[in-house]
Amino acid sequence: MRIIQTKNYEEMSVLAAGLLGAQVLLKPGCVLGLATGSSPVGAYDRLAAECGEGRLDFSQVRTVNLDEYCGLQPDDPQSYRYFMDKHLFSRVNIPQGNTHLPNGLAEDIQAESQRYEDLIDSLGGVDMQLLGIGHNGHIGFNEPAPDFPRRVHRVQLTESTIQANSRLFQRIEDVPTQAVTMGIGTIMKARKILLIAGADKAGILETALSGPITPQVPASVLQLHPDVTVIACKG
Ligand code: F6R
């Protein structure tokens with residue numbers, strides 16, 4: 001595991017975009033696993049700028065996002081599809097059909113979970129998976145639990161995650177209580193993992209990376225992955 005500390009969010013974003021961009025340069029048809037949230041916004045801005053300046057080409061890239069809320073329309077400003085279109089997909093030359101998120105509106109979420117897991121496999125697996133980390137150690141929407149979930153599945157969000165996510169909604173009652181997420185097993189199948197974390201995550205990052213490996217701290221499983229880069233900002 002490589003751990004890089006940066007002095008601020010901007011430096012973290014520049015480095016993260018550099019690694020994601022290098023992946024695209026090395027393998028133009030690569031599969032990127034992507035995340036939403038505040039951590040990756042700066043990196044997405046940077047990737048969009050590089051694409052706009054002709055230094056990166058996303059025309060053959062395929063993307064799979066970690067997760068999506070249940071019950072939100074794709075054009076709902078709180079949906080992860082909306083977030084990704086706004087922060088990245090509409091700003092780079094990626095064909096919309098190459099971008100994938102779980103369908104949180106599916107009537108049969110179990111079938112949808114299976115479809116999404118199979119889709120990732122059929123794309124050849126994820127070359128580089130970008131992750132953020134929750135204050136409780138969640139990755140994707142894999143919350144602290146008795147076991148590490150293996151596959152894409154539906155989750156009930158914990159109170160602390162609903163609280164954390166409510167900053168993006170007008171009222172806490174509007175925060176969806178369920179989501180579809182890649183499982184820990186799905187995430188661990190990625191060939192490379194890039195975890196980015198703001199200064200507010202220093203405590204949980206320390207616990208996850210140097211404490212015991214336990215599903216009570218889902219990100220701790222990353223200690224077992226052969227190719228993880230962590231970029232953590234100090235300030
Ligand atoms: C987002 C996701 C979450 C976030 C995590 C950190 O798709 O799966 O695990 O990465 O909650 O969120 P931020 O970056 O907003 O602190």
[X] side chain to [Y] main-chain N or O, any donor-acceptor pair under 3.5 Å?
{"X": "Gln129", "Y": "Lys192", "result": "no"}
{"X": "Asn98", "Y": "Val61", "result": "yes"}
{"X": "Gln178", "Y": "Cys70", "result": "no"}
{"X": "Arg154", "Y": "Gln110", "result": "no"}
{"X": "Ser79", "Y": "Asp75", "result": "no"}
{"X": "Gln96", "Y": "Ser90", "result": "no"}
{"X": "His225", "Y": "Ala190", "result": "yes"}
{"X": "Gln78", "Y": "Leu168", "result": "yes"}
{"X": "Tyr80", "Y": "Ala35", "result": "no"}
{"X": "Glu68", "Y": "Asn103", "result": "no"}

Which residues share a salt bridge (Lys or Arg N to Asp or Glu O under 4.0 Å) with Glu50, sequence neighbours left out: Arg55
Non-neighbouring partners of Asp45 that pass salt bridge (Lys or Arg N to Asp or Glu O under 4.0 Å), sequence neighbours left out: Arg91
Quick one: closest heavy-atom pair of [X] and [Y], and the distance?
{"X": "Ile193", "Y": "Ile187", "value": "CD1-O, 3.7 Å"}
{"X": "Val221", "Y": "Ile213", "value": "CA-CG2, 4.1 Å"}
{"X": "Ser220", "Y": "Pro212", "value": "CB-O, 3.5 Å"}
{"X": "Pro149", "Y": "Asn142", "value": "CG-OD1, 3.4 Å"}
{"X": "Phe141", "Y": "Thr181", "value": "N-OG1, 3.0 Å"}
{"X": "Cys51", "Y": "Phe58", "value": "SG-CD1, 4.0 Å"}

Glu10 atom CD, neighbour heavy-atom count above 12 within 6.0 Å: no
Other residues, nucleotides, ligands: >12 heavy atoms within 6.0 Å of Glu173 CD: yes
With clusters defined by side-chain heavy atoms of hydrophobic residues (ILVMFWY) lying less than 4.5 Å apart, directly or transitively, does [Y] cluster with [X]?
{"X": "Leu32", "Y": "Leu19", "value": "yes"}
{"X": "Met188", "Y": "Ile120", "value": "yes"}
{"X": "Ile94", "Y": "Leu88", "value": "yes"}

Option among Ile204, Ile133, Ile3 that satisfies the side-chain contact (heavy atoms from CB on, under 4.5 Å) test with Leu209: Ile3
Pairs involving residues 15-27, ordered by first then second residue, that meet salt bridge (Lys or Arg N to Asp or Glu O under 4.0 Å) (sequence neighbours left out): Lys27-Asp127
Donor + acceptor pair across side chains of Tyr69, Asp76 (<3.5 Å): no
CA sep, side-chain torsions, deciding dist, call: Leu130, Leu194, side chain to side chain contact (heavy atoms under 4.5 Å, CB included): CA-CA 5 Å; Leu130 179 63; Leu194 172 57; 3.9 Å; yes
